[in-house]
Number of protein chains: 2
Amino acid sequence: MTDPAKPSYDDVVRIPAPPGRSNATGRPPRIEEVAERAGVAPITVSRVLRHPEKVNRKTRERILEVIEATGYASNPHARALRSGRSNVVVAFVSNILSQQFGLAVRSFAATLEPEGFEVLVGQTSYSYAKEVAMVQSLRGIRPAAVMFTGVIELEENRTALAELGIPVIETWAFPRDPIDMLVGLPNADAGAMAARRLAQAGHRRVAFIGRSSGRGALRRDGFRAAAAQLGLTIVHEILVGEVTGLVDGRAAFTALLERSGDVDTVFCANDLLATGALIEARARGLSVPRDLAVLGFGDNDVADQITPGLTTISFDAAAVGRLAGELLLARLSGTPRAEQRLAVDLFLVERGSV
Amino acid sequence: MTDPAKPSYDDVVRIPAPPGRSNATGRPPRIEEVAERAGVAPITVSRVLRHPEKVNRKTRERILEVIEATGYASNPHARALRSGRSNVVVAFVSNILSQQFGLAVRSFAATLEPEGFEVLVGQTSYSYAKEVAMVQSLRGIRPAAVMFTGVIELEENRTALAELGIPVIETWAFPRDPIDMLVGLPNADAGAMAARRLAQAGHRRVAFIGRSSGRGALRRDGFRAAAAQLGLTIVHEILVGEVTGLVDGRAAFTALLERSGDVDTVFCANDLLATGALIEARARGLSVPRDLAVLGFGDNDVADQITPGLTTISFDAAAVGRLAGELLLARLSGTPRAEQRLAVDLFLVERGSV
DNA sequence: TTGTATGCGTTATCAG
DNA sequence: CTGATAACGCATACAA
């Protein structure tokens with residue numbers, strides 16, 4: 001199609017620069033240069049940046065002008081080395097493509113950045129091996145704190161994280177013994193909510209699609225328990241490995257149909273699976289919810305756009321990130337909140353697939 | 001639904017730890033501690049980590065044992081301060097939820113991490129204001145290099161980036177004058193490919209949906225030029241702002257239908273728009289491609305799963321990240337590649353919507 | 001092959 | 001309110 005050796009150029013519109021400051025020294029300015037120009041000692045410049053109220057107003061303003069003129073920014077390595085404090089916070093996401101995780105990390109970063117922190121995003125890929133490597137890499141990065149979209153299950157990593165001596169925030173589940181701080185979701189309750197909603201719609205023979213471990217299993221357990229109480233029969237459980245796209249939901253749904261036994265509804269442990277199931281159902285000419293109802297969890301973008309819309313159990317993913325950021329800021333400022341373990345509310349989004 | 005004050009607990013399965021090393025000093029070990037235990041000078045430990053071949057094998061093995069036993073990892077701040085080199089590489093993504101960008105960043109990180117670099121992911125949100133703030137934040141982070149999923153248009157930022165004195169990699173477009181290194185896509189060619197494909201299918205009255213700036217505009221320009229040559233009439237151009245979800249494609253498609261003039265096909269500048277258009281077309285009972293053909297760009301997950309599948313102009317997004325990583329490694333190792341500007345090939349994926 | 005002396009740029013500490 | 005001094009932990013330059 002295109003010859004990579006001779007691509008045609010894209011004519012990009014360049015937007016001209018406003019008249020700018022310049023500092024043509026070659027290397028970034030140091031605090032000493034700023035201090036000299038302002039006629040003060042380096043430590044006074046440092047104070048202006050960290051405790052401005054402790055510096056005389058006139059001195060402060062003069063220094064700030066020089067800072068502006070030179071474009072000075074303190075060297076983070078020297079600062080971290082001397083003060084023992086880093087301004088880097090690492091957020092680990094088990095799947096960088098997940099919309100929910102993306103929203104949470106986005107709001108986490110938005111909460112921390114105004115306070116001078118830099119949020120670094122890493123990925124763990126739902127893999128214990130990667131999780132181990134990641135905890136190791138933290139020893140090398142020495143961040144101010146670390147946040148996970150998930151909880152850490154491997155005891156070795158729990159210990160290693162606790163030994164880092166920095167704040168640790170887990171999210172997305174509500175275990176009894178978090179490593180440190182927590183913004184949790186009651187996953188088992190989600191399964192129970194699902195069972196109640198399906199029972200209410202008159203369904204009796206239900207199926208489950210989800211991962212066999214992690215949060216999917218938590219939702220399944222809650223689903224199982226509530227289903228038993230409500231008189232629902234779980235006819236099949238289709239267990240999947242890592243979920244990377246809609247195609248996994250389609251495959252799982254196909255596997256479900258291939259098993260015998262009439263099923264009138266399926267609860268999927270996340271919306272990627274549920275959406276895939278819905279698409280596969282339509283592709284096979286099944287009417288949803290008449291032939292088969294589908295209930296999801298997590299509310300992603302596509303769930304709202306397909307027909308019928310996916311009925312799903314949802315929560316405010318951005319709030320998870322924001323609360324995590326707020327918990328962390330309180331801790332790092334030396335006045336931790338009384339409550340170090342928060343839970344985010346679940347709610348049902350009705351759209352027509354049940 | 002759920003009372004957030006009293007969430008039920010998720011019983012998480014903890015995986016027990018293997019018997020581990022321990023170092024109970026309270027604080028992380030320093031190079032001096034390792035050196036003492038191994039009976040050498042600190043510099044020898046440093047050498048073992050950076051130039052192992054320059055240390056006697058027996059000495060090296062003894063030191064490595066102590067490193068393993070203590071869990072020593074060198075302090076990155078001290079290392080960066082002294083050596084002037086950081087191992088952090090920043091990758092800026094204009095939309096952290098985009099599948100294409102996610103794939104590129106993932107493979108970029110996968111290429112760099114084995115070589116000891118840490119990849120930090122930031123977000124620019126298609127906004128010049130954010131882009132300015134981001135370039136400022138780089139002064140504070142002092143990374144070893146920076147990569148963008150996009151090209152920098154604001155001259156002020158181009159200058160500021162060039163002045164950082166670190167390798168800069170732009171991607172996703174093929175401008176004549178990149179700041180430094182480039183892994184580009186010939187966007188204008190994509191528009192031309194689109195026009196050729198539509199002409200070949202016998203369409204004559206075409207429409208365009210896309211952003212009015214950035215890469216969308218580049219694809220539009222190529223589309224316009226080739227359409228004129230091929231005798232196609234561009235009946236309408238629907239311009240959109242930031243694209244955040246399928247809903248934008250649905251809205252744009254609705255806007256297109258509201259304009260008069262019969263159109264037999266629409267080229268969308270990205271697959272999120274195209275998929276939204278396809279969904280909206282189906283919701284309105286239109287038959288695709290009989291009533292209206294839809295052609296996309298970028299090949300995302302959903303494009304393959306809907307019915308009919310979206311015909312789209314695609315490329316290997318993971319290759320963009322990998323090539324960017326390889327260019328960078330070559331540069332940082334002191335032996336830059338002869339070719340500092342690479343182009344990734346485009347290809348057509350036929351699925352039925354044209 | 002290994003070691004000694006020195007300084008990267010900043011901030012904690014204490015003195016004025 | 002401002003400054004002098006020292007130290008954070010490591011790697012460069014040079015010496016042995």
Side-chain angles (χ1 to χ4, degrees), chain A residues 23 25-64 66-67 70-88 116 139-142 144 165 334, chain B residues 23 25-64 66-67 70-88 116 139-142 144 165 334:
Chain A
N23 164 46
T25 59
R27 301 196 323 160
R30 284 165 305 151
I31 200 169
E32 196 178 7
E33 183 181 333
V34 174
E36 234 166 72
R37 287 219 211 182
V40 296
I43 187 68
T44 306
V45 177
S46 175
R47 268 196 279 259
V48 164
L49 291 172
R50 292 173 304 114
H51 311 289
E53 75 285 358
K54 292 189 174 177
V55 175
N56 180 291
R57 195 173 56 77
K58 278 192 68 175
T59 315
R60 185 173 63 222
E61 282 168 3
R62 195 172 68 242
I63 293 173
L64 286 173
V66 178
I67 287 176
T70 54
Y72 172 74
S74 76
N75 182 314
H77 305 301
R79 178 159 28 85
L81 178 59
R82 175 63 248 221
S83 71
R85 275 181 264 294
S86 162
N87 68 338
V88 170
R139 305 183 73 94
I141 296 176
R142 316 258 170 132
Chain B
N23 163 45
T25 60
R27 301 197 321 159
R30 285 165 304 151
I31 200 170
E32 195 178 5
E33 185 181 331
V34 175
E36 235 166 72
R37 288 217 211 182
V40 295
I43 187 64
T44 307
V45 177
S46 176
R47 271 197 276 260
V48 164
L49 292 172
R50 292 172 305 115
H51 310 290
E53 74 285 358
K54 293 189 175 180
V55 175
N56 180 291
R57 195 174 57 77
K58 277 193 70 175
T59 314
R60 183 173 64 222
E61 282 169 2
R62 194 170 70 242
I63 293 173
L64 286 173
V66 178
I67 287 175
T70 54
Y72 171 74
S74 76
N75 182 315
H77 305 301
R79 182 160 25 85
L81 179 59
R82 177 61 246 232
S83 71
R85 276 182 262 293
S86 162
N87 68 337
V88 170
R139 306 182 72 93
I141 297 175
R142 315 258 170 135

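Values in this document were obtained by computation on a predicted structure and should not be read as measured data. Order of the sequence lines fixes the chain letters, A, B, ..., with proteins taken first and strands second; residue numbering starts at 1 for each chain. Hydrogens, waters and symmetry mates play no part in the numbers below; they use all other heavy atoms, side chains included.
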Value for OG1 (A:Thr44) from CZ (A:Arg62), rounded to nearest 0.5 Å, stands at 9.5 Å

For B:Arg82 and for B:Arg47, find the nucleotide of DNA chain D with the closest heavy atom, then tell me which residue's nucleotide is more 5'.
B:Arg82

Does anything in residues 49-64 of chain A come within less than 4.0 Å of DNA chain C? Heavy atoms only, and list the residues if so.
A:Arg50

Indicate whether OP1 or OP2 belonging to C:dT1 is found under 4.0 Å from a side-chain N or O atom of B:Thr44.
no

Return the value, rounded to whole Å, for the distance between atom CD of A:Glu36 and atom P of C:dT10.
13 Å

If you measure from CZ on A:Arg30 to CD on A:Glu33, what distance do you get to the nearest 0.5 Å?
7.0 Å

Contact span of DNA chain D against chain B, any nucleotide atom under 4.0 Å from a heavy atom, 5' to 3', runs D:dG9 to D:dT12

If I take atom CG from residue A:Asn87 and atom OG from residue A:Ser74, how far apart are they, to the nearest 0.5 angstrom?
8.0 Å

Quick one: label B:Arg142 by what it contacts on the DNA or RNA (base, sugar-phosphate, nothing), any heavy atom closer than 4.0 Å.
nothing

Hey, is CD on A:Glu32 packed in by over 12 heavy atoms from elsewhere, all under 6.0 Å?
no

Assign each of B:Ala78 and B:Val40 to its nearest nucleotide of DNA chain C by heavy atoms, then name whichever residue's nucleotide is nearer the 5' end.
B:Val40

If I take atom CD1 in residue B:Ile43 and atom P in nucleotide C:dT1, what distance separates them, rounded to the nearest angstrom?
15 Å

Rounded to whole Å, the CD-C1' distance (A:Glu33 to C:dT10) equals 15 Å

Using only side-chain N and O atoms of A:Tyr72, determine if any of them is under 4.0 Å from OP1 or OP2 of C:dT10.
yes

Which part of the nucleic acid, if any, lies within reach of B:Leu81 when heavy atoms closer than 4.0 Å are counted: base, sugar-phosphate only, or nothing?
base

Value rounded to 0.5 Å, distance of CZ in B:Arg79 from CZ in B:Arg82
14.0 Å

What residues form a salt bridge (charged side-chain N to carboxylate O under 4.0 Å, His left out) with B:Arg60, not counting sequence neighbours?
none

Enter the distance from B:Leu81:CG to B:Arg142:CZ here, rounded to the nearest 0.5 Å.
10.5 Å

Heavy-atom closest pair, residues A:Ser46 and A:Ile31:
N-CD1, 3.6 Å

For the CZ atom of B:Arg47 and the CG atom of B:Leu49, what is their distance to the nearest 0.5 Å?
12.0 Å

Atom pair distance, as rounded to whole Å: CZ in A:Arg79 and P in C:dC8
19 Å

